[in-house]
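Below: one structure, written as structure tokens.
Below, each value reflects all heavy atoms present in this structure, side chains not excepted, and no hydrogens, waters or symmetry copies.
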Amino acid sequence: VDYLDPELLRTLSAAVDERARALKAVYIKTDPDIDVEDAPRRAALSACGYEKFERPSLPGLAHPQFVFRVEYGGRSEEQVFSAMKNNCRGAVKQARQQGITVDFSTADEDFEVFYRIYSELGRDRKFFYHPHGYLRNLWEHFKRAGRATALCARHQGETVAAILIVHHARKCWFLYGGMSLKHIQLRASNLIHWEAIRWSMQRGHEWYSLRGVAGRTVGASPGACLPS
């Protein structure tokens, strides 16, 4: 979307508003891909009625304010991997040595495996996690368009980590994920994200988004390491 094209932005906003009203939605939530200091584009969104969400007490409703990406920039897999921190590369290698395998799937049964791992981690760590119906609806919507994939990392037949990714217009996003805490030493989460990056690069995408955090950054280099 060209946020500096007022006619395009108004047309898009009106169509989204009409659809939301038809569905009796309470509000519209969007996550525009613009820099936090991009005043012209922020002003254009404000002119169409969008407001910045300022409710830190409701973390489940807020999008991450700072997003971390692995941007490929024409680099090879080897170059992207070499640019990561030593401990991250070591974790990926360790997971492989432990016999972790990663499966890519669009089957509903693997979505259910993902949701079980995701929700169990939320309950165990007391993180906010979405209800099953919300994510199943998201999964089915993107899967119909051929844009959703579930990744399951398995060890000796047991799923130890799982993530949900979506892709569109040469871009790929990690949306949600979880891991088995009793198998955390296997470092499956590191490997599953690296395999997602490789998959994304092989399809000619520009970057892989690891989402981010809602608060302040601490000067970390985006894509310097994968989440553990």
Side-chain angles (χ1 to χ4, degrees), residues 1-5 8-9 12 30-42 44-45 63-97 100-106 114 138-139 141-153 161-177 179 187-214 216-228:
V1 176
D2 182 357
Y3 296 103
L4 296 182
D5 183 336
L8 174 62
L9 192 55
L12 174 63
T30 185
D31 185 16
D33 184 19
I34 60 176
D35 190 277
V36 68
E37 297 180 352
D38 190 335
R41 286 173 174 79
R42 290 170 67 90
L45 285 166
H63 283 293
Q65 184 174 357
F66 300 100
V67 178
F68 295 89
R69 297 175 181 164
V70 179
E71 297 187 347
Y72 310 138
R75 294 178 295 171
S76 66
E77 286 183 19
E78 293 75 15
Q79 289 170 324
V80 171
F81 190 69
S82 297
M84 296 176 182
K85 293 181 179 179
N86 288 336
N87 63 334
C88 181
R89 296 197 304 271
V92 170
K93 293 175 182 177
Q94 177 185 333
R96 284 177 172 161
Q97 291 167 357
I100 302 294
T101 59
V102 177
D103 298 324
F104 292 73
S105 176
T106 57
F114 148 77
L138 181 150
W139 165 256
H141 175 81
F142 279 97
K143 192 179 80 162
R144 281 196 300 270
R147 303 193 183 282
T149 304
L151 281 68
C152 296
I163 65 174
L164 179 62
I165 64 173
V166 297
H167 56 95
H168 176 68
R170 298 186 64 202
K171 300 172 177 63
C172 188
W173 291 264
F174 156 65
L175 292 186
Y176 304 100
M179 60 183 174
R187 310 305 294 271
S189 291
N190 294 82
L191 179 60
I192 203 170
H193 279 287
W194 171 240
E195 291 300 327
I197 289 169
R198 293 181 64 235
W199 180 91
S200 170
M201 294 185 72
Q202 290 164 8
R203 281 153 182 76
H205 295 160
E206 298 172 357
W207 46 253
Y208 176 74
S209 172
L210 289 154
R211 301 287 302 278
V213 294
R216 297 165 56 190
T217 60
V218 291
S221 174
C225 191
L226 303 179
S228 59

Taking ring-ring contact (aromatic ring centres under 6.0 Å, His included) as the criterion, tell me which of Phe174, Trp173, Tyr72 meets it with Trp207. Trp173
Just verifying a value: how many Å separate [X] [atom1] and [Y] [atom2], rounded to the nearest 0.5 Å?
X      : Y      : atom1 : atom2 : result
Leu151 : Ile163 : CG    : CD1   : 4.5 Å
Ser82  : Arg75  : OG    : CZ    : 9.5 Å
Arg147 : His141 : CZ    : NE2   : 9.5 Å
Phe81  : Arg198 : CZ    : CZ    : 10.0 Å
Glu206 : Ser200 : CD    : OG    : 9.5 Å
Ile165 : Leu175 : CD1   : CG    : 9.0 Å

When you compare the side chain of [Y] with that of [X], does any pair of heavy atoms fall below 4.5 Å?
X      : Y      : value
Leu4   : Pro40  : yes
Tyr176 : Arg211 : yes
Thr149 : Ser105 : no
Tyr3   : Pro32  : yes
Trp139 : Phe114 : no
His167 : His205 : yes

Walk me through it: do Val92 and Arg187 pass the test side-chain contact (heavy atoms from CB on, under 4.5 Å)? CA-CA 7 Å; Val92 170; Arg187 310 305 294 271; over 6 Å; no
List the atom of [X], the atom of [Y], and the distance in Å for their closest heavy-atom pair.
X      : Y      : answer
Ile192 : Ala161 : CD1-O, 3.8 Å
Val70  : Ile197 : CG2-CD1, 3.9 Å
Ala44  : Leu9   : O-CD2, 3.6 Å
Asn190 : Cys88  : ND2-SG, 4.3 Å

Test side-chain contact (heavy atoms from CB on, under 4.5 Å) on Leu45 and Ile34 and set out the steps. CA-CA 11 Å; Leu45 285 166; Ile34 60 176; 3.8 Å; yes
Checking the side chain of [X] only, and the main-chain atoms of [Y] only, is there a donor and an acceptor separated by less than 3.5 Å?
X      : Y      : result
Arg89  : Met84  : yes
Arg170 : Gly204 : yes
Gln79  : Ser76  : yes

For side-chain contact (heavy atoms from CB on, under 4.5 Å), just list the numbers for Trp194 and Val80, CA-CA rounded to whole Å, side-chain angles, deciding distance to a tenth of an Å, and then say yes or no. CA-CA 10 Å; Trp194 171 240; Val80 171; 4.0 Å; yes
Less than 4.0 Å between a side-chain N and a carboxylate O, is that true for Arg69 and Asp33? yes
Criterion side-chain contact (heavy atoms from CB on, under 4.5 Å) on Glu77 and Met201, from CA distance to verdict: CA-CA 8 Å; Glu77 286 183 19; Met201 294 185 72; 4.1 Å; yes
